[in-house]
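Below, each value reflects all heavy atoms present in this structure, side chains not excepted, and no hydrogens, waters or symmetry copies.
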Amino acid sequence: MHNYTLSQIAELLGATLDGDGACEISKIATLANAQSGHIAFLANKKYRSQLSDTQAGAVILSAADAEYYQGNKLIVANPYVCYAKLAQLLDTTPRSASPGIHPSAVVHPDATVASTAAIAANAVIEAGAVIGDNAQIGANCFIGENTKIGNGTKLWANVSVYHDVEIGSDCLFQSSSVIGSDGFGYANDKGQWIKIPQLGRVIIGDKVEIGAGATVDRGAIDDTIIHSNVIIDNQCQIAHNVEIGSGTAIAGCTVIAGSTTIGKNCQIAGLVGINGHIDICDGVILTGMSMVTKAITKPGIYSSGLPHSSNKEWRRNIAHFRNLPEMKVRLKALETLTKSLNVDN
């Protein structure tokens with residue numbers, strides 16, 4: 001772990017330094033738990049009260065919050081973004097594989113592995129696979145036939161990448177993610193399910209991150225495509241022939257059904273369900289537990305999940321919901337009666 005002075009950090013972040021530039025920083029911490037030699041940040045004004053008691057050696061904050069803190073500080077336009085950049089600088093996350101090929105790894109003679117790549121214990125790399133420069137393939141990973149892993153891409157342990165998948169550079173795959181598994185394709189013949197072989201591929205761009213336990217199915221005929229700079233959280237399901245535009249972020253346990261297209265720079269919260277064969281335009285925000293059943297053609301914020309209530313209130317509301325058809329009939333009858341009375345008058 002390398003220490004940095006505040007002057008060095010200010011230069012790297014493009015921040016305005018107010019305080020002792022020689023102060024050494026070894027770690028990022030929260031305002032509440034920071035000690036000397038640590039740097040904290042304030043990105044939410046509701047934590048502003050913690051500035052008076054923090055023991056941090058320095059704090060990253062905005063110009064609007066600078067007056068509330070008298071210690072060493074780095075003043076920036078966006079403290080959260082600067083925190084992210086500094087976290088990368090001070091990152092202590094280990095490699096998923098040591099340089100070279102572990103003796104227990106099984107690499108097919110027809111696979112191509114760059115000399116700078118790292119292949120961990122018990123990994124399996126099939127024929128025709130290509131592993132790029134500085135790629136890291138974690139323990140027990142499986143790389144299928146003719147799959148390409150780009151330069152600098154990192155797979156943690158137990159990631160499975162099926163055949164004919166293309167993954168770009170500088171991607172990150174968390175443990176137990178599955179890329180290129182069969183899509184849910186079947187035809188029903190008089191009650192018998194006939195499997196449809198999934199002949200498409202998965203194409204993933206650069207700087208894509210896939211969470212633990214997430215699955216991305218291969219296309220049925222055409223490809224499933226995830227463009228560059230997409231982030232997908234844990235335990236998401238991306239079905240066959242889905243296309244996700246660049247810059248889109250998808251939170252945990254969201255499910256996207258087949259042949260749906262998600263635009264650029266969308267934000268999809270957790271537990272969202274998106275129907276198949278629809279298009280969602282650029283710049284859409286879906287709040288948690290939304291159910292999307294039809295296309296969205298205008299950018300904006302969309303919601304459908306109901307917030308929690310007491311059990312008593314929920315039961316009462318459900319009872320009203322069940323009576324909606326009857327209430328609709330009664331309302332129409334009242335409207336007809338009102339119109340009739342107005343005509344008579």
Side-chain angles (χ1 to χ4, degrees), residues 182-196 198 211 213-217 219-222 224 230 232-245 248-345:
D182 280 355
F184 196 63
Y186 298 86
N188 192 286
D189 182 16
K190 300 176 182 178
Q192 298 297 314
W193 291 109
I194 309 300
K195 182 172 178 60
I196 301 172
Q198 302 294 281
T215 52
V216 180
D217 291 342
I221 299 175
D222 295 327
T224 300
V230 167
I232 299 174
D233 197 5
N234 300 340
Q235 298 177 342
C236 290
Q237 159 66 8
I238 312 299
H240 55 187
N241 300 107
V242 167
E243 182 171 356
I244 301 174
T248 286
I250 302 174
C253 298
T254 282
V255 175
I256 304 174
S259 299
T260 282
T261 298
I262 311 292
K264 300 176 182 177
N265 301 312
C266 294
Q267 297 178 41
I268 301 174
L271 290 170
V272 170
I274 301 177
N275 200 12
H277 301 275
I278 63 173
D279 294 335
I280 295 175
C281 69
D282 299 345
V284 167
I285 298 174
L286 299 171
T287 62
M289 299 188 70
S290 293
M291 175 62 70
V292 183
T293 59
K294 59 183 180 180
I296 298 176
T297 58
K298 294 181 179 180
I301 302 174
Y302 296 82
S303 303
S304 67
L306 293 175
H308 79 279
S309 60
S310 68
N311 182 258
K312 182 178 180 181
E313 182 181 358
W314 179 81
R315 287 177 177 273
R316 184 170 63 247
N317 290 338
I318 287 297
H320 292 323
F321 181 78
R322 289 172 176 168
N323 291 328
L324 282 178
E326 179 186 348
M327 293 170 66
K328 182 179 179 181
V329 172
R330 293 173 63 187
L331 180 59
K332 280 194 170 183
L334 286 171
E335 288 176 342
T336 302
L337 179 59
T338 300
K339 289 179 181 178
S340 175
L341 291 174
N342 288 337
V343 170
D344 293 341
N345 290 336

Closest non-hydrogen contact found for Cys253 with Cys236 is N-SG, 3.7 Å

> Within the side chain of Asp233, is there an N or O that forms a donor-acceptor pair under 3.5 Å with the backbone of Ala251?
Replying inline: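 Answer holds: no.
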
**Message:** If we ignore hydrogens and angles and just use 3.5 Å, is the side chain of Ser340 paired with the main-chain N or O of Thr336 as donor and acceptor?
**Reply:** no

Practice task
Find out whether Tyr186 and Ile196 are in side-chain contact, i.e. whether some heavy atom of one side chain is under 4.5 Å from a heavy atom of the other.
Solution key: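 Tyr186 vs Ile196: side chains apart.
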
Test item: Ile256 and Ile250 side chains (from C-beta on) under 4.5 Å apart, heavy atoms:
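SC-SC contact between Ile256 and Ile250 confirmed.
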
- Message: Under the rule for side-chain contact (heavy atoms from CB on, under 4.5 Å), what residues qualify as partners of Ile318, not counting sequence neighbours?
- Response: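 Counting only residues at least two positions away or on another chain, Ile318 forms a side-chain contact (heavy atoms from CB on, under 4.5 Å) with Trp314, Arg322.
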
Got a sec, which residues hit side chain to side chain donor-acceptor pair (under 3.5 Å) with Arg315, two or more places apart in sequence or on another chain?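 Here the qualifying residues are Asn311.
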
Extract all donor-acceptor atom pairs below 3.5 Å that involve side chains of residues 260-276 and protein atoms in other chains or at least two apart in sequence.
unit_1, atom_1, unit_2, atom_2, d
Thr260, OG1, Asn275, O, 2.6
Thr260, OG1, His277, N, 3.2
Thr260, OG1, Ile278, N, 3.3
Asn275, ND2, Thr293, O, 3.4

Heavy atoms of other groups near Ile221 CD1, more than 12 under 6.0 Å:
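No.
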
| task | Using a cut-off of 6.0 Å, state whether more than 12 heavy atoms not belonging to Ile301 lie near its atom CD1. | result | no

Sorted by chain and residue number, the salt bridge (Lys or Arg N to Asp or Glu O under 4.0 Å) partners of Asp182 (sequence neighbours excluded) come out as Lys195

Given the rule in the side-chain contact (heavy atoms from CB on, under 4.5 Å) test, do Ile232 and Ile244 qualify, once you have shown the distances and angles that lead to the verdict?
-> CA-CA 10 Å; Ile232 299 174; Ile244 301 174; 4.2 Å; yes

Residues pairing under side-chain hydrogen bond (donor to acceptor under 3.5 Å, both in side chains) where one sits in residues 295-309, two or more places apart or in two chains, turn out to be Thr287-Ser303

Residues 236-245 vs side-chain hydrogen bond (donor to acceptor under 3.5 Å, both in side chains), sequence neighbours excluded, gives Gln198-His240, Thr215-Gln237, Asp217-Gln237, His227-Glu243

_As an exercise, state the distance from CD of Glu313 to CZ of Arg316, rounded to the nearest 0.5 Å._
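If I round to the nearest 0.5 Å, the distance is 5.5 Å.
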
